[in-house]
Amino acid sequence: MKTINWAALEAAAKDAAAQAYAPYSQFPVGVAVLTENGHIFAGCNVENASYGATVCAERNAIAAAVLAGHRKLLAVMVYTPQEKLTPPCGMCRQVIAEFFQPDSPIASCNHLGQQQHWELQYLLPDAFTPNYLAASNKISKD
């Protein structure tokens with residue numbers, strides 16, 4: 001397993017949170033993801049008056065990595081200026097499961113310098129992944 005520079009991920013996530021567009025929740029989030037070759041991509045939450053159109057920071061960071069051609073991601077850092085450390089939401093956990101391994105480290109940090117770490121498999125046990133689709137019996141409509 002590659003050594004993870006958590007301080008660099010925290011700095012990138014914190015910088016991203018400063019760019020969050022969160023006029024409705026007042027809950028800015030910044031995320032940094034690490035690729036297998038050491039690149040860091042960041043994202044922030046972007047809210048919308050139509051709440052369902054809001055895009056979380058995790059999904060924005062992963063999309064930035066994918067746009068740059070990266071598919072193998074190693075670690076996630078979530079930053080929120082909250083006293084309670086915040087893990088990814090359920091929808092983001094599913095998107096994380098698409099690009100990360102079950103034992104990938106997911107961390108949360110805050111403005112107080114606190115951190116908490118999990119493995120993806122504990123945040124989303126028995127995740128629905130591309131492996132299920134690859135192993136499925138395709139049904140013909142004939």
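Just so you know, these numbers use all the heavy atoms, side chains as well, and skip hydrogens, waters and symmetry mates.
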**Q** Side chains of E119 and P105: closer than 4.5 Å at any heavy-atom pair?
**A**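 Heavy-atom side-chain distance check fails, nothing below 4.5 Å.
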**Q** Near E83 CD, under 6.0 Å, is it more than 12 heavy atoms from other residues, nucleotides or ligands?
**A**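 No.
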**Q** Can you tell me which residue pairs pass the ring pair (Phe, Tyr, Trp, His ring centres under 6.0 Å) test with a partner in residues 22-41, sequence neighbours excluded?
**A**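 Found Y24-Y51, H39-H70, F41-H70.
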**Q** Roughly how far apart are T129 OG1 and F99 CZ, rounded to 0.5 Å?
**A**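 CZ of F99 is found 12.0 Å from OG1 of T129.
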**Q** Considering non-hydrogen atoms only, spot the tightest contact between A107 and W118 and give its length.
**A**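 Scanning both residues, the minimum pair turns out to be C-CZ3, 4.1 Å.
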**Q** Hey, could you give me the CG/NZ distance between N110 and K14, rounded to the nearest 0.5 Å?
**A**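 The distance works out to 9.5 Å.
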**Q** Hydrophobic cluster mates of Y122, side-chain heavy atoms under 4.5 angstrom, ILVMFWY only, any path?
**A**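 Its cluster partners, ordered by chain and number, are none at all.
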**Q** What are the two closest heavy atoms between P23 and Y21, and how far apart are they?
**A**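 Closest approach of P23 to Y21: CD-C, 3.4 Å.
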**Q** Going by atom types only, do S25 and E47 share a side-chain donor-acceptor pair under 3.5 Å?
**A**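 A donor-acceptor contact under 3.5 Å links the two side chains.
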**Q** Mind listing the closest non-hydrogen atom pair of F100 and V76 along with its distance?
**A**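 So the minimum-distance heavy-atom pair works out to CZ-CG2, 3.4 Å.
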**Q** For the pair V78 and V29, evaluate side-chain contact (heavy atoms from CB on, under 4.5 Å) and give the outcome as yes or no after the intermediate values.
**A** CA-CA 7 Å; V78 178; V29 180; 3.9 Å; yes
**Q** Verify the neighbour count for atom CG of N37: are there more than 12 heavy atoms of other residues, nucleotides or ligands below 6.0 Å?
**A**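 For N37, atom CG is crowded (more than 12 foreign heavy atoms under 6.0 Å).
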**Q** Walk me through whether Y79 and D15 qualify under side-chain contact (heavy atoms from CB on, under 4.5 Å).
**A** CA-CA 9 Å; Y79 172 86; D15 287 347; over 6 Å; no
**Q** I need the minimum non-hydrogen distance between A17 and P28, along with the two atoms involved.
**A**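 Nearest pair, atom of A17 first, then P28: O-CB, 3.8 Å.
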**Q** Following the transitive rule for hydrophobic clusters with a side-chain heavy-atom cut-off under 4.5 Å over Ile, Leu, Val, Met, Phe, Trp and Tyr, establish whether V46 and I62 coincide in one cluster.
**A**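 The answer is no; the residues belong to distinct hydrophobic clusters.
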**Q** Do you reckon V66 sits in the same ILVMFWY cluster as L73, going by side-chain contacts under 4.5 Å, direct or chained?
**A**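 Yes; L73 is reachable from V66 via cluster members.
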**Q** Do we see a donor-acceptor contact under 3.5 Å between the side chains of S50 and N48?
**A**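 Per modelled atom types, S50 and N48 side chains form no pair under 3.5 Å.
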**Q** Any link between I4 and M77 through a network of hydrophobic side chains (Ile, Leu, Val, Met, Phe, Trp, Tyr) touching at under 4.5 Å?
**A**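 Yes, I4 connects to M77 through the hydrophobic network.
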**Q** Pairs under 3.5 angstrom only: tabulate donor-acceptor contacts from the side chains of residues 86-94 to other protein residues two or more places apart or in another chain.
**A**
unit_1 : atom_1 : unit_2 : atom_2 : d
T86    : OG1    : T80    : OG1    : 3.3
T86    : OG1    : K84    : O      : 3.2
R93    : NE     : P88    : O      : 2.7
R93    : NH1    : L123   : O      : 2.8
R93    : NH2    : P88    : O      : 3.2
Q94    : NE2    : F128   : O      : 2.6

**Q** Could you state whether I106 and L74 fall into the same hydrophobic cluster, counting links through intermediate Ile, Leu, Val, Met, Phe, Trp or Tyr residues with side-chain heavy atoms under 4.5 angstrom apart?
**A**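 In one cluster with I106: L74, no.
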**Q** Looking only at heavy atoms, which two atoms of E10 and C109 are closest? And how far apart?
**A**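 Here E10 and C109 meet closest at CG-SG, 3.4 Å.
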**Q** Restricting to non-hydrogen atoms, name the atom on A32 and the atom on L9 that form the minimum distance, rounded to 0.1 Å.
**A**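 Heavy atoms of A32 and L9 come nearest at CB-O, 3.4 Å.
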**Q** Side-chain donor-acceptor pair under 3.5 Å between Q121 and Q101, yes or no?
**A**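 Per modelled atom types, Q121 and Q101 side chains form no pair under 3.5 Å.
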**Q** Atom CD1 of I96 and atom CG of L124: how far apart are they, to the nearest 0.5 Å?
**A**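 Taking CD1 in I96 and CG in L124, the distance rounds to 9.0 Å.
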**Q** Say whether V31 and L85 are linked into one hydrophobic cluster, either directly or through other cluster members, by side-chain heavy-atom distances under 4.5 angstrom.
**A**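 Different clusters.
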**Q** More than 12 foreign heavy atoms under 6.0 Å from CD of Q114: is that the case here?
**A**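 Yes, enclosed.
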